[in-house]
Amino acid sequence: MSDYLSSLNPPQYEAVTHENGPLMIIAGAGSGKTRVLTYRIAHLMGQGVDPFNILSLTFTNKAAEEMRHRIEKIIGSEAKNLWMGTFHSVFAKILRIEGHRLGYTSNFTIYDTDDSKSLIKTIVKEFGLDDKTYKPNFILNRISGAKNNLISWQAYNENPIFLAEDTGAQMPEIGRIFKTYSMRCFSANAMDFDDLLFNTNVLFRDHLDVLNKYQHKFKHVMVDEFQDTNISQYLITKKLSAVNQNICVVGDDAQSIYAFRGANIQNILNFRKDYPDLNVVKLEQNYRSTKNIVNAANSLIAKNKNQLEKKVFSDNEEGEKIEVVKAHSDNEEGRIVANAIFESKVRDGLKNQDFAILYRTNAQSRAFEEALRKINIKYRIIGGLSFYQRKEIKDILGYLRFTVNQQDEEAFKRIINLPKRGIGDTTVAKIIVTASEHQKPIWEIVSNIKMYFDGKAANSIENFVNLIKSYKIMMEEEKDAHTIAMQVAKSTGLMHELYIDKTVEGKARYDNLEELLNSIKQFTDNPEVEDKSLGAFLQSVSLLTTADDEGDGDPDKVTLMTIHGAKGLEFKNVFVVGMEENLFPSQMMLKNRDDLEEERRLFYVAITRAEKRLTLTYAEQRYNWGKLNFCEKSRFIEEIDPSYLKEMEKPGGGNFGADSFDFQGFQRRVMPASKPVQTSPPTRSQTIANLKPVSQVKTAPQHVPTVDFQPSDTKNLKAGDKVEHQKFGFGTVKKMDNLGPTAKAVIEFENEGEKTLLLSFAKLRIVE
DNA sequence: GCTTTGTTCCTTTTT
DNA sequence: GGAACAAAGC
């Protein structure tokens, strides 16, 4: 049991064996933080602390599960009794138990961002406000920001500063919207993400017996990624540990990247003030990366003024210099990275899973997906439009949510006329008006609909109510989540509707639905899950984090994700792509929050994910919602000490550029530039795993040899050339207007007639 | 009330 | 390029 301690370096040892009193671990990137946390919990348990008394808050549920399994290996099956999870999932669990104190039932709904926005939109409309001025996104951010700082709607409306700010932003009614939004959530028996934390604070503030209970329950409180906690989260942990003072926070101020959602770097900088007898341990040795990568990262982060003093170092090999690669376009960037991965797999004997492509925004993934797909490299995308945000999935979940909680207004609006049953907007509006006139919940109105309306719509509503009632009965009979979901999918007709849709999209949606039912089955079949009810399943779904999505079980894939998603992860080879001004650092960030330091920390996080090799790429031109933009190299590249960098045109000795694409035994067929190979959204389990052999992939007509239309080829385009346009089909160039990036061509299309096009390269290719 | 077609705005990042 | 919404037609 104690032999694992011998593998630790002195500060790690100190952190692991520190038992009582406040502790702050400043853990530099790659310093073995997870190992320390794991061992620390194991050590506490070894010292006789009951796992029921340990609360460990992690950043993703997946991280919690991994840690739990590692502890299990050291100390045994008791580890399953540890309280572990994200802030949101742990305190949602507590609110299920204690929420009745605040007027919620135990089956409250958790509104996701879409629900919140939709509700705000409804309120804006009801208030008769202009929805061009009152943007749901902005309002939600405002409300969320307030709640993360523990400002209630009452306090907000009493605060002249907030109201003046809103008036200044031409939105004086935000306070009133905040109030209505909060009351509507409450009467829907629903909490949004911020409410889970806000209400936990309210619970602990107003119900001291509850606070007391959990203070004594959680004898040890641990917080991972402490630099990314907000005030609301910090106060929860502070209150919980007020009696025992056994609070251990682990973080790295250099990796604080969530200020946009209220994370407060001051939490970590000021922790010492709250705990004067604080022990501080600094883990400064990086075991993950080469010297070159660590030094480069240090030279970058040194530009930040706000930071705790520490010296991260590596005793690993020197390693290769960081490659900086310029690509001509975003598509070429994709090909360069895909080729480099291909080459590196062969040269260094690496697997797909050793590579990650990290970008600033989800929208950047497309070029890399296409390039990887073309050369049959399996990949997985983390984040972006998640499985649970797809329409067909949300539809079924809407039914399940409404079955559990009939006050759920957002679910009601989604499913009342789905599948179409002749209840249009007018009827729904009438129901809502009637409900508010009689001061009764919507469910009360619709379940006695004949008392209020008659006619065709009333009959449809009655059928709908009976459907829901039948599901409720199943729930009361304690049928498990899968049984009920199956019944819902079948008896609503939603499953059949997708089944008879034989379009590619319809097929994909049907597969998605099947996948959903499978995952519910997995949930109810999992022996580790005690509560197999519908409510328990819904909760687990609504608090999934992006990293929690496991895909189809094949781990050997290249990982594509945002840098935010890469927190806590490591890969042998990392590509940080889109290193361009306005993209990274993001111009949005600079415009709205003017926080270059947070962007720099984000880049620091990206660099420090790499163990062996790091490549930075940027493109000279890039499409941004249909328009071609010209880009400049990111200032961040210049900020790294140049002695750690190696600038090059193309990686891999220049032999793997976009235009020299033939590998041994690997014949590439050139395809129309931006025609997606897979027209339907991939199901989660597919995750593009089952790539078609190149020969089956849709290609340009066989008889016409084609080449990609590259931007550099504009100079070659001349009158008389035959071209194909993605939308307009085949045509002949009549005349070129001028050359260079702003070139225009007059083209006579076979079916569409003459058109003048600003040459948008992805849509046009030369047919020789 | 439903379906088709046209128009607009958009994207940081996530629980 | 595309989702989300509005208008127009059935």
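Each chain gets a letter, A, B and so on, in the order the sequences are listed, and its residues count up from 1. What you are looking at is a predicted structure, and each value in this text was computed from that prediction instead of being measured.
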Trainee: Please determine, for the side chain of A:Glu599, which listed nucleotide (B:dT12, C:dC5, B:dT14) has the closest atom?
Mentor: B:dT12

Trainee: Roughly how far apart, to the nearest Å, are B:dT12 and C:dC5 at atom C1'?
Mentor: 24 Å

Trainee: What would the secondary structure line of DNA chain B be in dot-bracket form, counting Watson-Crick and G-U wobble pairs under 3.5 Å, with [ ] for pairs that cross earlier ones and | for pairs with another strand?
Mentor: ||||||||||.....

Trainee: Can you figure out which of B:dT15, C:dA4, B:dT13 approaches the side chain of A:His564 most closely?
Mentor: B:dT13

Trainee: In whole angstroms, how far is the P atom of B:dT13 from the CD1 atom of A:Ile381?
Mentor: 13 Å

Trainee: When the P atoms of B:dT13 and C:dA4 are compared, how many Å lie between them, rounded to an integer?
Mentor: 15 Å

Trainee: Of the listed nucleotides (B:dT13, B:dT12, B:dT15), which one gets closest to any side-chain atom of A:Asn362?
Mentor: B:dT13

Trainee: Between atom CG in A:Asp595 and atom P in B:dT13, what is the gap in whole Å?
Mentor: 17 Å

Trainee: If the plane angle is over 60° it's perpendicular, under 30° parallel, otherwise tilted; pick one for A:Phe59 and A:Tyr258.
Mentor: tilted

Trainee: Taking side-chain hydrogen bond (donor to acceptor under 3.5 Å, both in side chains) as the definition, give me every residue that meets it alongside A:Thr237, ordered by chain and number, with sequence neighbours left out.
Mentor: none

Trainee: Thinking salt bridges, do A:Lys147 and A:Asp195 make one under a 4.0 Å N-O criterion?
Mentor: yes

Trainee: For A:Glu599, check salt bridge (Lys or Arg N to Asp or Glu O under 4.0 Å) against everything at least two apart and list the hits.
Mentor: A:Arg360

Trainee: Rounding to an integer number of Å, can you tell me how far A:Glu225 CD sits from B:dT14 C1'?
Mentor: 14 Å

Trainee: Grab the NZ-P distance between A:Lys627 and B:dT8 for me, whole Å please.
Mentor: 15 Å

Trainee: Are side-chain heavy atoms of A:Asp114 and A:Gln389 found at a separation under 4.5 Å?
Mentor: yes

Trainee: Round to a whole Å and report the spacing from CE of A:Met588 to P of B:dT11.
Mentor: 7 Å

Trainee: Might you work through the salt bridge (Lys or Arg N to Asp or Glu O under 4.0 Å) test for A:Lys413 and A:Asp425, ending with a clear yes or no?
Mentor: CA-CA 9 Å; A:Lys413 280 192 292 194; A:Asp425 295 347; over 6 Å; no

Trainee: Salt-bridge test for A:Glu410 and A:Arg401: reply yes if a basic N is under 4.0 Å from a carboxylate O, no otherwise.
Mentor: no

Trainee: Is A:Lys633 salt-bridged to A:Glu581, cutoff N-O under 4.0 Å?
Mentor: no

Trainee: Taking only the side-chain heavy atoms of A:Arg261 (C-beta and beyond), determine which of C:dA4, B:dT14, B:dT12 contains the nearest atom.
Mentor: B:dT14

Trainee: Name the closest nucleotide to the A:Ala363 side chain, picking from B:dT12, B:dT11, C:dA4.
Mentor: B:dT11

Trainee: Kindly give the atom pairs (protein nitrogen or oxygen, nucleotide nitrogen or oxygen) under 3.5 Å for nucleotides 1-6 of chain B.
Mentor:
residue : atom : partner  : partner atom : Å
B:dG1   : OP1  : A:Gly424 : N            : 3.2
B:dG1   : OP1  : A:Thr427 : OG1          : 2.9
B:dG1   : OP2  : A:Thr426 : OG1          : 2.5
B:dC2   : OP1  : A:Gly422 : N            : 3.2
B:dC2   : OP2  : A:Asn417 : ND2          : 3.2

Trainee: Are A:Asp130 and A:Lys132 ion-paired here, with the side-chain N under 4.0 Å from a carboxylate O?
Mentor: no

Trainee: Look up atom CG in A:Leu240 and atom OG1 in A:Thr200, then write down how far apart they are to the nearest 0.5 Å.
Mentor: 9.0 Å

Trainee: In residues 127-137 of chain A, which residues come under 4.0 Å of DNA chain B by heavy atom?
Mentor: A:Lys132, A:Lys135, A:Asn137

Trainee: Rounded off to whole Å, could you give me the CD-to-P distance for the A:Gln233 and B:dT14 pair?
Mentor: 16 Å

Trainee: Counting only side-chain nitrogens and oxygens, does A:Lys121 get under 4.0 Å of the OP1 or OP2 atom of C:dC5?
Mentor: yes

Trainee: What is the separation between atom NZ on A:Lys391 and atom C1' on C:dA4, rounded to the nearest whole Å?
Mentor: 13 Å

Trainee: Given the ring of A:Phe464, does A:Arg421 sit roughly above its face, with NZ or CZ under 6.0 Å from the centre of the six-membered ring and within 45° of the axis?
Mentor: no

Trainee: We want to know whether A:Tyr181 and A:Asp192 form a side-chain donor-acceptor pair, criterion being a heavy-atom distance below 3.5 angstrom.
Mentor: yes

Trainee: Look at all strands and tell whether A:Phe87 reaches a base, only sugar-phosphate, or nothing, counting heavy atoms closer than 4.0 Å.
Mentor: nothing

Trainee: Tell me, please, which residues at least two apart from A:Lys420 pass salt bridge (Lys or Arg N to Asp or Glu O under 4.0 Å).
Mentor: none

Trainee: A:Arg360 or A:Thr60: which one's nearest nucleotide on DNA chain B is closer to the 5' end?
Mentor: A:Arg360

Trainee: Just how far, in rounded Å, is P of B:dC10 from CG of A:Asn592?
Mentor: 12 Å

Trainee: By centroid distance (under 5.5 Å) and plane angle (under 30°), are A:Phe260 and B:dT13 in a stacked arrangement?
Mentor: yes

